[in-house]
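Only one structure is covered here, and it is reproduced in the block below.
Side chains are part of it too, since the values below use all heavy atoms of this structure and drop only hydrogens, waters and symmetry mates. Counting starts at 1 for both ligands and their atoms, following the listed order.
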Amino acid sequence: MQGADGTALGAWGLGGFYTRKGRLLMRTAEIKRRFLAHFERNGHTIVPSAPLPAIDDPNLLFVNAGMVQFVPYFLGQMASPYRRAASVQKCIRTPDIDEVGKTSRHGTFFQMNGNFSFGDYFKEGAITLAWELITTPIDEGGFGLDPDKLWATVFHGDHEAERIWHEKVGLPKDRIVRRGMADNFWSMGIPGPCGPCSEIYLDRGPEYGREGGPEVDEDRYLEFWNLVFMESERGPGVGKEDFPIVGDLPAKNIDTGMGLERMASILQGVDSIYEIDEIRPILNAAAELTNKRYGVMSGHQASESHPDDVRLRIVADHVRTALMMIGDGVVPANDGRGYVLRRIMRRSIRAMRLLGWSGPAMPELLPVARDCMAPSYPEVGNEFERISSYAYAEEEAFLATLEHGITILDTAMRETRGAGAKQLSGDKVFQLHDTYGFPIDLTVEIAEEEGLGIDLEGFHRLMTEQRNRAKADADARKVGHADLSVYRAVLDAGGAVEFTGYTDVSRQTRLRAILSDTGDWLQGAGEGETVELVLDRTPFYAEAGGQQSDTGIITLGGGRFEVLDVKQPIPGLFVHSGKVISGEVRAGDDAYAAIDTRRRRAISAAHTATHLVHQTIRDFLGESATQAGSLDAPGRLRFDFHTPTALVPSVLQDVESKVNAVLTEDLEVRDFVTSQDEARKLGALALFGEKYGSTVRVVEIGDYSRELCVGTHASRSGQLGLIKILSEASIGSGLRRVDALVGMHAFEYLAREHLLVSRLAELYRVPSEQVAERVEHTVRALRDAEKEIEKLRSQLLMSNAGELAKTARDVYGVSFVGVEAPEGTSANQARVLAQQIRAELPQSHPAIAAVVSRVGGKALVVVAVNPAAKERGLSAVDLVKVALSGRGGGNIDLAQGGGLPADQAIGMINLIEATIASYRSSAASG
Ligand code: ATP
Ligand code: MG
């Protein structure tokens, strides 16, 4: 038996699988395992992947390399807990989206296997460790690559790396290529650590492209591993070359990245990463749905693939990427990470459309992606319900957009042609895009099919105007005004506002300035007006560090003002927004500012509780459980934190009882201001990456917790009374959220719960300890019954296909079966039934089966058309669209849709039959 590279395979069956031709190949999971084992053997600590969203860095949307989570170690901002580490990091590279499917090697989502040295080994260690792993024979635990087919690149002038490759490793000089900045100098694309690199390539042979090394053809010569010699720090700039080097790093480090999917494509002997075991099943499912045969019209070279193959790869890649993104907490949105998700989902839906499938595809493909990825990432299996609900809803919304947009586009094209024009106006295209969310590339393509051009210049002009408007809008919403200049002027005129709220709850002060919500500086404001007030001093806390702002009343000479919100749009300026509730306020008035003390007390208690929860979670889970965000509201807190593993539920109970025990100790809460260094020495917890000034405020609760904080707190832990943790949930893998109540809020909650349990115990007539067991029993019995019903219904339905086929009516030479399945028959069951009936009908002769069913108050329909009927020009998708007034999707053979009210089910069958009939008569007359 032979491995992918031709070497004989020994006794390792476990990580492999057999191809149809009987070849044993290495699974992606096995490659991952061998990689980590190799580096663990060589003294590396195995570190779990960071979550995909790059939380600590506002410049980076997604983690794009294994080294991202180690940046502070490379920069020397933090001491690294290990000298050597290895990981398999989940990555997303948005700049690679356009390459997907067109090359053999770019995924949007991919996994990077990396080994890292923090001031430990350098070039020689990195090169020899990599070489050993890739060239060790497969049956000795390596990857078994043929050394004669390997190439390396080095950075121009990096003689040291060149020498190691040649002298230590023995690579001939003609397979060591020198390349410049763009190819062999690595950075994350943003300021941070960087350095020259050396990449390893495999020559896949002449079927994959031209001879001549990596510089000639990067598809034939496949880069699979990049070794970065991390020794410098770069500044801001664009592209791969245009940035300054701002200095040396404190130590010489190693950062490497081996593309897991690329190695899998090599070891599984397939042409591209889309054909490996973790992706190919998704591609197959898409091909099956769209009736395409992948690969039959393409050779080995990705760049020359048939467009349908490219589309199938896009679908497979994007569906997998969507799964992983939503799994890590990203949800569809119009900006940021959510927009990337939206974009890739739309691209995959679009690709499916071009492949001929216009119905919902996610429900068919996403579960396949889950099955591919869950073995390595169990969370996508455990949380599939959440993940799929986002994905399915997003697809449904986009399909509706498409349906709607196409009607409008049709009208616009008709009008354009009617007016004798050859181009759709920029206005129209913009309207489609802006109002209906219709993608521009789709407009271009459909217009082209109809022989029309598009005024792209006009479109882009309108887009730019719109973007500028939106930006001004967003800025205005953030701080109340379109720009900050008026705030700056108020600050310059009167200096920083003194915040006295750590000690005061009310105070005498003076009204410095009144601002309208459009940013005008006013002299006065009358009853009912909504304005912003700036005082010389204030006890009002402005929202910061997760703590909500105070509310309250400001009493002035001639009127009263209700404070609804307080913000610091620029540091040092406290802005109170709210409404004049009586009289009139004038700039320069004496003022008496009083916060709502009950609310403040409840917020402060929540904030103190947050510190206790934070410390306690770290005590239980270890240092890696760092804070990711928090909210302190009256009597309620939310605390988000990083942790690589799921929590055992009992840990939270332990956290809760520990915190409650600390409350009863009635510890004193103290705060003091000190230098950053001093605070660090004291071991105060600080959010990593947070920018503090040179002096900082430290809040400590007895000896239990010590944290940098700007918020307000209870004065003793006993004031909190009680805390109750309500829930703990994953908000992305590696990121968890705890919700809790404090004080009276916690007590009222427990009292309500107690009432509820008593009521249930009464209903079930059991003591309250047995309620849970009884409910569980009832639910299980119900679920079993439902499953049984479902099974019986399917059996009944399918056994009927033969009988139903006998009810075929002849509609002008087409055998037509139109049936209504029993209420509750799902789309899946209806589809199988329609296909079975079609199979029972004579094949030599046109035949069509239509199955309708009512589910949850809605009607759905599936139509299956046989090849003879297709020849007559009848199409399943057209018939479904007739029945559903334009909705639904699928292809010529099989289509489905739904959404109309249930009472229209029978009407749909009649419509389909009438259409088949009318088709016949129009075909006959035409
Ligand atoms: P390429 O030039 O092929 O885009 P790169 O130089 O951008 O690759 P690196 O930044 O050096 O790649 O990343 C390290 C390794 O990660 C690469 O050698 C490759 O194996 C893998 N890799 C990079 N980008 C992708 C991607 N989009 N999909 C799959 N693997 C990738
Ligand atoms: Mg790249």
Side-chain angles (χ1 to χ4, degrees), residues 28 31-32 35 49 52 60 62-68 86-116 126 130 133-134 143 145 150-155 177 179-190 192-202 204 208-209 213-230 239-241 254-267 270-276 278-279 302-303 313-314 316-318 320-321 324 340 344:
T28 303
I31 298 172
K32 191 189 289 195
F35 181 90
S49 173
L52 281 171
L60 192 65
F62 293 101
V63 170
N64 61 2
M67 52 76 74
V68 171
S87 67
V88 177
Q89 174 66 49
K90 298 182 262 187
C91 296
I92 283 181
R93 290 200 178 171
T94 48
D96 285 348
I97 291 183
D98 292 323
E99 305 291 326
V100 170
K102 296 181 197 151
T103 73
S104 61
R105 64 188 199 281
H106 288 102
T108 315
F109 168 86
F110 67 98
Q111 298 153 86
M112 195 187 283
N113 293 15
N115 56 294
F116 308 90
L133 176 63
I134 57 181
F143 295 150
L145 301 186
L150 293 170
W151 290 59
T153 61
V154 295
F155 185 52
V177 183
R179 298 182 87 175
M181 204 62 185
D183 295 295
N184 277 58
F185 197 90
W186 200 88
S187 82
M188 281 157 77
I190 54 172
C194 61
C197 62
S198 178
E199 300 176 320
I200 314 178
Y201 289 74
L202 177 76
R204 299 197 290 168
Y208 291 92
E215 276 179 311
V216 173
D217 192 319
E218 296 217 319
D219 242 5
R220 164 166 175 179
Y221 298 89
L222 178 67
E223 175 201 333
F224 59 88
W225 204 338
N226 189 359
L227 316 175
V228 184
F229 312 129
M230 201 75 98
K240 289 186 164 184
E241 298 173 84
I254 287 298
D255 151 36
T256 87
M258 184 196 89
L260 180 57
E261 287 77 3
R262 291 192 189 175
M263 184 52 81
S265 72
I266 293 171
L267 296 185
V270 291
D271 290 340
S272 75
I273 62 167
Y274 319 101
E275 291 156 41
I276 66 168
E278 276 188 355
I279 310 182
S303 55
R313 294 176 196 148
I314 290 176
D317 170 85
H318 286 11
R320 182 169 90 129
T321 304
M324 298 307 291
V340 176
I344 62 145

### Query
What atoms in ligand 1 come closer than 4.0 Å to a heavy atom of Met112?
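Under 4.0 Å from Met112, ligand 1 has these atoms: 13 (O), 14 (C), 16 (O).
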
### Task
Give the atoms of ligand 1, by number and element, whose distance to some non-hydrogen atom of Asp96 is under 4.0 Å.
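Result: 24 (N), 26 (C), 27 (N).
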
Is it the case that ligand 1 has an N or O less than 3.5 angstrom from some N or O of [X]?
X: Lys240; answer: no
X: Glu261; answer: no
X: Gly107; answer: yes
X: Met258; answer: no

### Query
Hey, does the side chain of Ser198 reach the backbone of Thr153 with a donor-acceptor pair shorter than 3.5 angstrom?
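Indeed, once roles are kept as given, a pair shorter than 3.5 Å links the two residues.
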
### Query
Does any N or O in the side chain of Asp317 come within less than 3.5 Å of the main-chain N or O of Thr108, such that one atom is a donor and the other an acceptor?
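Yes: the side chain of Asp317 pairs with the backbone of Thr108.
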
### Message
Heavy atoms only: which of Arg93, Glu223, Arg262, Gln111 lies closest to atom 7 (O) of ligand 1?
### Response
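It is Arg93 that holds the nearest heavy atom.
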
Where's the contact between [X] and ligand 1, heavy-atom distance under 4.0 Å: side chain, backbone, both or neither?
X: Phe224; answer: backbone
X: His106; answer: both
X: Trp225; answer: backbone

### Query
Do Leu133 and Trp225 touch side chain to side chain, with heavy atoms closer than 4.5 Å?
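Yes; the side chains approach each other to less than 4.5 Å.
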
### Task
Compare all side-chain heavy atoms of Val100 with those of Tyr274 and state whether any distance is below 4.5 angstrom.
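In contact.
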
### Task
Would you give the length of the straight line joining atom CE of Met181 to atom OG of Ser187, rounded to the nearest 0.5 angstrom?
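Those atoms lie 8.0 Å apart.
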
### Task
Kindly compute the distance separating CD1 (Ile273) from CZ (Phe224), expressed to the nearest 0.5 Å.
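Going from CD1 on Ile273 over to CZ on Phe224, the span is 15.0 Å.
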
### Distance-only polar pair, side chains of Asp271 and Ser104, donor-acceptor under 3.5 Å
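Side chains of Asp271 and Ser104: no pair found under 3.5 Å.
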
### Reference residue Arg105; test salt bridge (Lys or Arg N to Asp or Glu O under 4.0 Å); the match among Glu275, Glu223, Glu218, Glu99
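The residue from Glu275, Glu223, Glu218, Glu99 that satisfies salt bridge (Lys or Arg N to Asp or Glu O under 4.0 Å) with Arg105 turns out to be Glu218.
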
### Glu199 to ligand 1, any heavy atom closer than 4.0 Å
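For ligand 1, residue contact (heavy atoms, under 4.0 Å) with Glu199 is present.
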
